[in-house]
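Just so we're on the same page: letters track the sequence lines, and every chain starts at 1.
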There are 2 protein chains.
Amino acid sequence: MKNVNLKHLAEELGLSIATVSRALQDSHEVSAATKERVRALAAELRYEPNAYASSLRRNQSKTIGVVIPKVTNHFFALAINGIEEAARQSGYHVLIYLTHDDYAREAAIIQHLKGGRVDGILLSVASGTEDIAHLESLQDANIPLVFFDRVRTEIATARVTTNDYESGYRATEHLLEAGCQHIAHLLISNSLSIGHNRHQGYLDALAAHGRPYDPDLVLAGTIDNQRNVQLIEELLRSRPDIDGIFASVERLAVGTYHACQQLGRRIPEDIKIVGFSNLESVSLFDPPLTTITQPAHDIGYEAARILLQAVEKKRAVLPSQSVVLDSELVQRRSTATE
Amino acid sequence: MKNVNLKHLAEELGLSIATVSRALQDSHEVSAATKERVRALAAELRYEPNAYASSLRRNQSKTIGVVIPKVTNHFFALAINGIEEAARQSGYHVLIYLTHDDYAREAAIIQHLKGGRVDGILLSVASGTEDIAHLESLQDANIPLVFFDRVRTEIATARVTTNDYESGYRATEHLLEAGCQHIAHLLISNSLSIGHNRHQGYLDALAAHGRPYDPDLVLAGTIDNQRNVQLIEELLRSRPDIDGIFASVERLAVGTYHACQQLGRRIPEDIKIVGFSNLESVSLFDPPLTTITQPAHDIGYEAARILLQAVEKKRAVLPSQSVVLDSELVQRRSTATE
DNA sequence: CCGGCTATCGGAAACGTTTACGTAAATAAA
DNA sequence: TTTATTTACGTAAACGTTTCCGATAGCCGG
């Protein structure tokens, strides 16, 4: 069975292609009776408009591109959930691209998307990204861009994040209040906005409580989780005075648990831990992990909503703005005081 | 800066559109010198072909659609990873659609995709899906379909799954060997292939070890996780003789942990648990969870590869075949014997 | 010198829509 | 009555590619 198209319907109905097209779009230029006839036949033959012909003609694809480092990070999985929800509500489709935190891949993806395959882009930048020329050129191509979670403030556009600074501050303060004297901070690339902001919160919380800042207690993680556990073990061994750890990303919190298991450190008696995480099952950890939990779904939903608004209004470059959704500190046993 | 297209390049170079197009496709019909000139200008002007014009003309979109129940299930996140990898290697794009286990949504998505937006579809069917007419009609629309994980054998096409039956058998046997006398099975919809197969493994393992089958020990979970925990609690309360639980899906394993916490049942002393799960962090659970771990990434990768092969060869309907990748039982403390 | 071949290019149709424009009839305004 | 205006439809151009036909020129064998 060949695809049924407008020409098909038009011939069958004795109408012109134009009229059929208009009827299906509920145009006021076609009589109610004709509309009904057209709709009936379209339904009967299961007519589906060719998305590409439509996109080509209208110069819009009803599709947004989502470019993220990885989908196995639960934060991004939840965010995609929110994005898909917003997109579906507006009748948009979602293309997914993974950068695997590789700059070259991110640049290639963005470059390709300038071909017009998407009407807008949601991006969480790769940790390896330094140069942002590929992002700047999006403005020229008339493709709106909205950052979420991992942003670059050099580009003037909308950004949706959580309150990274305050969360870093709160996490550190929480450890201080629990009696920790030497608090380490495990983070990913400091060039990343989230790493930087959370770290600043860590620093300011220490200062506010009159604690010295010790650069040796800051560890930048790698892509490789195995390696991270090694690095954490080394850190804990070389600095046995560490009694608190703020892991600003989920895998580093998990890595810390493993390292502590290896070294026989007890949580929370010897070391207290608070980590960013969106896994529901952290409450089943041994011990349950105190977390900074991000509103991941809402971040995705909100970012998509802002992008879609811009797309619908054909505003290629949207005003520089920051939308901040608050994370929540959920206290569990990994930071219990007794 | 307006979009640069073939016409632009052609005018600038004093060539025809046809020649420029052919040059960029490395056709043998254009001289090496001209190819070089064209490529140089294209690179300089950052020419990106319009994907929609190309798709319309060639009648292929270089895009595959992935239709899954949810992305927050870690299995699917890993599978997407594999799918994206295979797609990228072949120069394909990935559209994601979530059904949220809702039949109506699945049907609507499939119907829409028949418009030609994708060259092929990877599907893991929703638990609510009974009727499969929408899937059968895909064959008419010339769109190849490959199932992964949650399959429907009524449709003759390729299926990529894990060895659900054997895994159910192994899990149950493992509990029996650990000394469990009354083993409950928690599953999702029995109409689903995976639920059915895993359950059959459970039944056969019981029979093979001369244990009676007690229907009261089988619990079908719901979409709502809160409710599931309630149901599990009720089950454990009404049948205090239960000393082993086989959870054939991750959330039910997690739900069981929560229920046991509520009821003060000790794992593994009072109840031993084995569950399907792909979370790396189950090793941090209290106690670490014995799991059946699926090769989720490989399942996605393999399914995508099979689909892409069919797409490239323009084989709309592919031969009925089952590819089975083995899961692995990873023994941890939740089924320890002492 | 002629016919056939190859190499290299251009013209134009086609993919299926959308839409600017035109037109005929019907209706309203004068 | 005549003249606008509205209603309902058709014609055809356009979106940017790809590709089917040529067409021209050069070359070679006969």
Side-chain angles (χ1 to χ4, degrees), chain A residues 2-39 42 45-63 91 112-119 141-142 314, chain B residues 2-39 41-42 45-63 91 112 114-119 141-142 314:
Chain A
K2 49 193 167 198
N3 288 332
V4 35
N5 55 21
L6 283 186
K7 193 156 109 182
H8 234 91
L9 295 180
E11 283 170 359
E12 190 95 8
L13 290 163
L15 290 170
S16 75
I17 294 179
T19 304
V20 176
S21 172
R22 279 188 282 244
L24 291 173
Q25 299 175 73
D26 204 21
S27 158
H28 62 276
E29 289 193 66
V30 39
S31 73
T34 307
K35 274 184 196 170
E36 209 31 67
R37 280 209 309 143
V38 173
R39 279 200 274 250
L45 299 185
R46 294 256 155 70
Y47 166 73
E48 277 290 334
N50 182 303
Y52 295 110
S54 176
S55 295
L56 176 60
R57 177 58 223 244
R58 308 181 98 130
N59 198 27
Q60 54 152 313
S61 59
K62 286 278 178 188
T63 304
H112 178 89
L113 289 183
K114 284 196 289 184
R117 191 179 279 270
V118 297
D119 295 339
N142 262 359
K314 309 229 179 259
Chain B
K2 50 202 166 188
N3 289 331
V4 34
N5 54 20
L6 285 185
K7 193 156 108 181
H8 266 152
L9 295 180
E11 284 171 358
E12 190 95 9
L13 291 162
L15 291 170
S16 76
I17 295 180
T19 303
V20 176
S21 173
R22 279 189 283 245
L24 292 174
Q25 299 175 72
D26 204 21
S27 159
H28 63 276
E29 288 193 65
V30 37
S31 72
T34 308
K35 274 184 198 171
E36 210 31 67
R37 279 212 306 145
V38 172
R39 277 200 275 252
L41 186 68
L45 299 185
R46 295 256 154 69
Y47 166 73
E48 277 292 331
N50 182 304
Y52 295 109
S54 176
S55 295
L56 176 60
R57 178 57 223 246
R58 306 181 99 127
N59 199 28
Q60 53 151 310
S61 59
K62 287 279 178 185
T63 305
H112 178 90
K114 285 195 290 183
R117 192 179 279 269
V118 296
D119 295 339
N142 261 357
K314 312 233 179 254

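- First and last contacts of DNA chain D with chain A, using any nucleotide atom under 4.0 Å from a protein heavy atom and ordered 5' to 3', fall at dA8(D) to dG16(D).
- Residue Asn5(B) is classed as a sugar-phosphate contact, given heavy-atom separations below 4.0 Å to backbone atoms only.
- Residues Val4(A) and Leu45(A) approach most closely at CG1-O, 3.5 Å, considering heavy atoms.
- The two residues Lys114(B) and Glu48(A) have their closest heavy-atom pair at C-CB, 4.4 Å.
- Looking at Asn5(B) and Asn50(B), their side chains never come closer than 4.5 Å, going by heavy atoms from C-beta outward.
- Side-chain contact check for Leu6(A) versus Tyr47(A): some heavy-atom pair is nearer than 4.5 Å.
- Computed from C1' positions of five pairs at each end, the angle between the two local axes of the helix from dC1(C)-dG30(D) to dA30(C)-dT1(D) equals 50°, rounded to 10 degrees.
- Ala51(B) and Arg117(A) make their closest contact through CB-NH2, 3.6 Å (heavy atoms, listed as atom of the first residue, atom of the second, distance).
- Residue-level contact check: Ser21(A) touches the bases, meaning some heavy atom is under 4.0 Å from a base atom.
- Using a 4.5 Å heavy-atom threshold, the side chains of Leu13(A) and Thr19(A) count as separate.
- Listed for the Tyr52(A) side chain is no donor-acceptor partner under 3.5 Å among the backbone atoms of Ala53(B).
- Heavy atoms of Asn50(A) sit under 4.0 angstrom from primed sugar atoms or phosphate atoms, though from no base atom.
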For this session: Starting from the C-alpha separation in whole Å, work towards a yes-or-no answer on side chain to side chain contact (heavy atoms under 4.5 Å, CB included) for Lys35(A) and Asp26(A).
Result: CA-CA 7 Å; Lys35(A) 274 184 196 170; Asp26(A) 204 21; 3.0 Å; yes

Exercise. What string of B, S and - do you get for nucleotides 6-14 of chain C 5' to 3' if you count protein non-hydrogen atoms under 4.0 Å?
Worked result: --BBBB-BB

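- In this structure, OG on Ser21(B) lies 10.5 Å from CG on Leu9(B), to the nearest 0.5 angstrom.
- Between the side chain of Ser61(B) and the main chain of Ser55(B), no donor-acceptor pair closer than 3.5 Å is present.
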